[in-house]
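The first residue of the sequence shown is numbered 1, and numbering continues consecutively from there. When a ligand or atom number is given, it counts from 1 through the structure's own listing order.
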Amino acid sequence: MATTNVPVTRVLSGIQPTGQLTLGNYVGAMKNFVKLQHEAECYFCIVDMHALTVPQDPKALYNATLDLARIYVAAGIDPNVATIFVQSHVPAHAELGWLMECSSYIGELGRMTQFKDKSAKQEVVTTGLMTYPCLMAADILIYQASHVPVGEDQRQHLELTRDIATRLNHRFGDFVTVPEPYIPSKAEGGRIMALTDPTKKMSKTLEDPNGNIYLMDPPKVIMNKIKRAVTDLGREVVYDEENKPGVSNLMVLLSLCTGQTLDEISAKYDGYGQFKKDVAEAIISVLEPIQQKVEELRAPGVIEEILAKGADKAEAVANRNLAVFRERFGLVPRRRA
Ligand code: AQP
């Protein structure tokens, strides 16, 4: 795991409720949420305000927000251990987001790869799409997080958060924790590639749905998608990102779903047929219990109750820390009349 020896004490991460979650989101981010909840104080949010940086159908966003919360719990985040909440339920994030906008530069935001990629796909580019890394910085810094578990694609945004935190510490005296990335290597799932084109990232907004395994895909669909996944020339099952990106991607998935090492997998197969079948079965055995739990969590009021408690817990911490930022920036605290 690409991290430093700074102790993991407080963790924040979030996922956008945009479309259906993919296996990339699960292994790159959520799997580590589940692990870290037992090692540190953890805050996991559904970043609904980030989703608004590109046009969203309101009803779809509403449903995706509750579904993502169900998936968090179904995947193993225990709401009695970690705090699960919706970003917009804690308005302090947006307020600190403004202070972050006033602490970052247009030049650095314009250089963000994700901004360049996503804005190229939009007919009109919202201001929020550009300033979104500022809100992400606020999400992290408002909990004084020591670590942020994300996939490789978020490294640049996290670097920006670190730059802003360092800038604030220079300007106002040390008061912000500079967060460390907690990013798996590619072989550990930090960048899962599309099944149909291993040069592209598996992603909620990938044009070809056959390139993604969605967390709620039924077993038959998973089996078919893996069968059709692009493999490479030859028959060897070896980990070689450059020359065998398709096979390497499937090996990572098999390794993460079964606990076998890449070497063990390589030694086991001498062709793609049985290998692909085993990859599909391993994915199904991880996803099926999650899918069943999601259905149970559709009982009326269950997820809403978890989110209500989570927002209360998160808000208490966020408001306390926001007061420190406000004071350092020189904003007069409000007195109640
Ligand atoms: N392919 C991936 N491999 C490993 N990790 C991944 N993540 C995303 N794709 C992969 C990680 O999942 C978390 C979700 O982040 P997000 O919802 O804020 O958006 P994202 O990073 O932009 O993820 P997507 O799926 O690619 O969404 P769209 O298509 O909307 O842009 C992050 O920790 C991310 O690194």
Residues 311-323 side chain polar contacts: donor-acceptor under 3.5 Å, at least two apart:
unit_1: Asn321; atom_1: ND2; unit_2: Ile142; atom_2: O; d: 2.8

Checking the N or O distance criterion of under 3.5 Å, is ligand 1 in contact with [X]?
X      : value
Ser203 : yes
Glu152 : no
Ile192 : yes
Val150 : no
Pro149 : no
Met202 : yes

Exercise for the section: Determine whether Gln114 and Tyr132 make a side-chain contact, defined as any pair of heavy atoms from C-beta on separated by less than 4.5 Å. Expected result: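 Answer yes - side chains close enough.
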Handout entry: ILVMFWY network linking Val294 to Tyr62, side-chain heavy atoms under 4.5 angstrom
Key =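 Same cluster: Val294 reaches Tyr62 through Ile, Leu, Val, Met, Phe, Trp or Tyr contacts under 4.5 Å.
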Exercise for the section: Check whether Val47 and Val150 end up in the same hydrophobic cluster, where Ile, Leu, Val, Met, Phe, Trp and Tyr are linked by side-chain heavy atoms less than 4.5 Å apart. Expected result: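 As far as the 4.5 Å side-chain criterion goes, Val150 and Val47 are not connected within one cluster.
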Handout entry: Atoms of ligand 1, numbered as shown, that sit under 4.0 Å from any heavy atom of Gln114
Key =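 It comes down to these atoms of ligand 1: 22 (O).
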Problem - Part of Arg191 with heavy atoms under 4.0 Å of ligand 1, whether side chain, backbone, both or neither - result: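 The backbone, only.
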Practice task
Using the test salt bridge (Lys or Arg N to Asp or Glu O under 4.0 Å), find all partners of Glu304 that sit at least two apart in sequence or belong to another chain.
Solution key: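 Glu304: no salt bridge (Lys or Arg N to Asp or Glu O under 4.0 Å) contacts found.
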